[in-house]
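When reading the values below, keep in mind they use all heavy atoms of this one structure, side chains included, and skip hydrogens, waters and symmetry mates. Chain naming here is simple, since letters A, B, ... match the order of the sequence lines and numbering starts at 1 in each.
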Amino acid sequence: MPELPEVETIKRGLQEKIVGRKIEDVVYDAPKMLLPNPKTLLASVVGTKIIKVDRKAKLILIYLSNGNILVIHLKLTGRLIFRSKKVLADEWQHVIFKFEGDEELRFCDLRKFGFVRLVIDKRELGVILSEFGPEPLTSEFTEEKLGEILRRSSKPVKLVLIDQAKIAGVGNIYANEALFWAGIQPEEKGSRLSGNQVNRLYEALNKVLKEGIRYKGATESDRAYRDVEGNPGKFQEHFAVYGREGEKCVRCGTEIKRIKLGGRGTFFCPRCQTTS
DNA sequence: ATTGGGACCTGCTCGC
DNA sequence: TGCGAGCAGGTCCCAA
């Protein structure tokens with residue numbers, strides 16, 4: 001579910017709500033979501049204060065006063081919802097961080113693929129983060145860099161975009177949308193893109209990621225992404241191709257097609273998106 | 001070396 | 001109405 005814009009929206013919400021709070025307790029009913037294991041994690045977390053919240057790729061990073069860091073991945077259906085302890089339980093809540101005072105943070109996840117991982121220090125965190133490619137919307141990610149990444153890849157361009165080791169944070173929705181706005185067919189090999197296509201793809205990626213953030217993420221179904229207040233995003237109202245198989249292209253009216261690439265649904269306009 | 005499939009889980013939607 | 005197949009925003013692991 002959550003891709004860069006969704007996780008960024010959650011990060012911003014958490015910065016506002018949980019920084020400075022002291023964690024009084026952690027309760028859970030899904031031990032597999034706590035890494036390396038619940039005992040170790042609880043021992044290091046209970047009693048600490050939250051110093052800082054950050055994001056890298058699709059990971060939420062929560063820095064604690066004892067130097068440890070919590071790394072959270074929401075996978076497909078994870079949510080982090082900040083509530084008063086008095087509010088009725090949320091659907092699928094499995095790990096709850098209880099703060100001193102009236103509030104708590106609920107990690108909800110229908111499919112339980114998500115996890116909270118205890119990371120000991122910045123050195124260990126560095127090892128984890130070094131696996132990721134450049135972060136879009138930062139100075140690390142230039143058009144030249146994107147061109148270099150694509151040139152080195154014989155895979156379909158869409159698979160390059162969602163490969164976290166190559167580019168951080170882009171997932172299925174934003175890859176589909178960016179390729180539409182760039183006018184590139186998803187199966188085209190990265191190495192075959194022209195300079196002009198690379199330029200368009202760079203601009204399109206920036207455009208859709210920024211829009212995703214502006215609309216506070218995309219919520220496709222009622223069991224998917226929510227922000228920290230439990231509200232859905234709005235970017236799904238602006239999808240050009242994702243989930244629109246059989247509907248008309250917003251640009252030329254041609255029917256949107258759906259194929260499978262790397263096992264995942266891939267949507268595109270057969271007329272607007274070409275293979276050069 | 002790439003690629004394809006299954007696994008991890010749960011629940012909704014669609015076709016028969 | 002019931003039932004099975006297919007699908008879902010992510011990622012890891014193994015086999016061909």
Residues of residues 207-214 of chain A with a heavy atom under 4.0 Å from any atom of DNA chain C, listed by number, are none

Euclidean distance, atom CE of residue A/M33 to atom P of C/dG10 [Å, nearest integer] = 17 Å

Note: A/R106-A/D90 ion pair, threshold 4.0 Å (strictly below) = yes

If you look only at distance, which donor and acceptor atoms sit under 3.5 Å apart when one is on a side chain in residues 50-58 of chain A and the other is two or more places apart or in another chain?
residue	atom	partner	partner atom	Å
A/R55	NE	A/E8	OE1	2.7
A/R55	NH1	A/A57	O	2.9
A/R55	NH1	A/E135	OE2	2.7
A/R55	NH2	A/E8	OE1	3.3
A/R55	NH2	A/E135	OE2	2.8

What is the nucleic acid contact for A/G262, judged by heavy atoms within less than 4.0 Å: base, sugar-phosphate only, or nothing?
-> nothing

Under a 4.0 Å heavy-atom criterion, DNA chain B is touched by chain A from B/dT3 to B/dC12

Donor + acceptor pair across side chains of A/Y225, A/Q236 (<3.5 Å) = no

Sugar-phosphate, base or nothing in reach of A/Y242, heavy atoms under 4.0 Å | sugar-phosphate

Quick one: are A/R223 and A/W92 in side-chain contact, heavy atoms under 4.5 Å?
-> yes

A/I62 and A/I18: which non-hydrogen atoms are nearest, and at how many Å?
-> CD1-CD1, 4.1 Å

Could you pick out which residue, A/R152 or A/R223, lies toward the 5' side of DNA chain B when each is mapped onto its nearest nucleotide?
-> A/R152

How many angstroms lie between atom CD of A/Q185 and atom OG1 of A/T266, to the nearest 0.5 angstrom?
-> 9.5 Å

Mind listing the residues from residues 176-192 of chain A sitting with a heavy atom below 4.0 Å of DNA chain B? Number order is fine.
-> none

Over how many whole Å does the gap from A/E245 atom CD to C/dA8 atom C1' extend?
-> 14 Å

Residues in side chain to side chain donor-acceptor pair (under 3.5 Å) contact with A/R264, at least two apart in sequence or another chain = none

Could you measure between the two P atoms, the one in C/dG6 and the one in B/dG5, and give it in whole Å?
-> 13 Å

Look at A/K207 together with A/E211 and state whether they make a salt bridge at an N to O cut-off of under 4.0 Å.
-> yes

Remember a base hit wins even if backbone is also touched, and classify A/S154 as base, sugar-phosphate or nothing at under 4.0 Å, heavy atoms.
-> nothing

Say you draw a straight line from CD1 of A/I69 to CG of A/L125; how long is it, rounded to the nearest 0.5 Å?
-> 4.5 Å

Could you note down all residue pairs passing salt bridge (Lys or Arg N to Asp or Glu O under 4.0 Å) where residues 163-191 of chain A supplies at least one of them, sequence neighbours left out?
-> A/K155-A/D163, A/D163-A/K166

Under the ring pair (Phe, Tyr, Trp, His ring centres under 6.0 Å) rule, what pairs show up with a residue in residues 176-202 of chain A, not counting sequence neighbours?
-> A/F141-A/Y202

Extract all donor-acceptor atom pairs below 3.5 Å that involve side chains of residues 116-124 of chain A and protein atoms in other chains or at least two apart in sequence.
residue	atom	partner	partner atom	Å
A/R117	NH2	A/E124	OE2	3.4
A/D121	OD1	A/R123	N	3.2
A/D121	OD1	A/E124	N	2.9
A/E124	OE1	A/I120	N	2.9

Can you say whether the rings of A/F115 and A/H73 are parallel (under 30°), tilted (30 to 60°) or perpendicular (over 60°)?
-> tilted

State, yes or no, whether a side-chain contact exists between A/P136 and A/L205 at a heavy-atom distance under 4.5 Å.
-> no

Where are the stems of DNA chain B, defined as at least 3 consecutive Watson-Crick or wobble G-U pairs with both distances under 3.5 Å?
-> B:2-8 with C:10-16, B:10-16 with C:2-8

Residues from residues 107-127 of chain A lying under 4.0 Å of DNA chain B - heavy atoms | A/L110, A/R111, A/K112, A/F113

Rounded off to whole Å, could you give me the CG-to-C1' distance for the A/L74 and C/dA8 pair?
-> 16 Å

Please examine the side chains of A/L137 and A/N206, heavy atoms only from C-beta on, and report whether any two atoms are closer than 4.5 Å.
-> yes

With C1' as the reference atom in both, quote the distance from B/dG6 to C/dC7 in angstrom, rounded to an integer.
-> 16 Å

What's the spacing between A/L261 CG and A/F268 CZ if we round to 0.5 Å?
-> 8.5 Å

Could you check whether the rings of A/H238 and A/F235 sit parallel, tilted or perpendicular, using 30° and 60° as the cut-offs?
-> parallel

Taking distance alone, no hydrogens or angles, what donor-acceptor pairs closer than 3.5 Å link side-chain atoms of residues 19-30 of chain A to residues at least two apart or in another chain?
residue	atom	partner	partner atom	Å
A/R21	NE	A/K17	O	2.7
A/R21	NH1	A/E103	OE1	3.4
A/D29	OD1	A/H94	ND1	2.7

What's touching nucleotides 11-14 of chain C from the protein side, N or O pairs under 3.5 Å?
residue	atom	partner	partner atom	Å
C/dT11	OP1	A/H73	NE2	2.8
C/dT11	OP2	A/K58	NZ	2.7

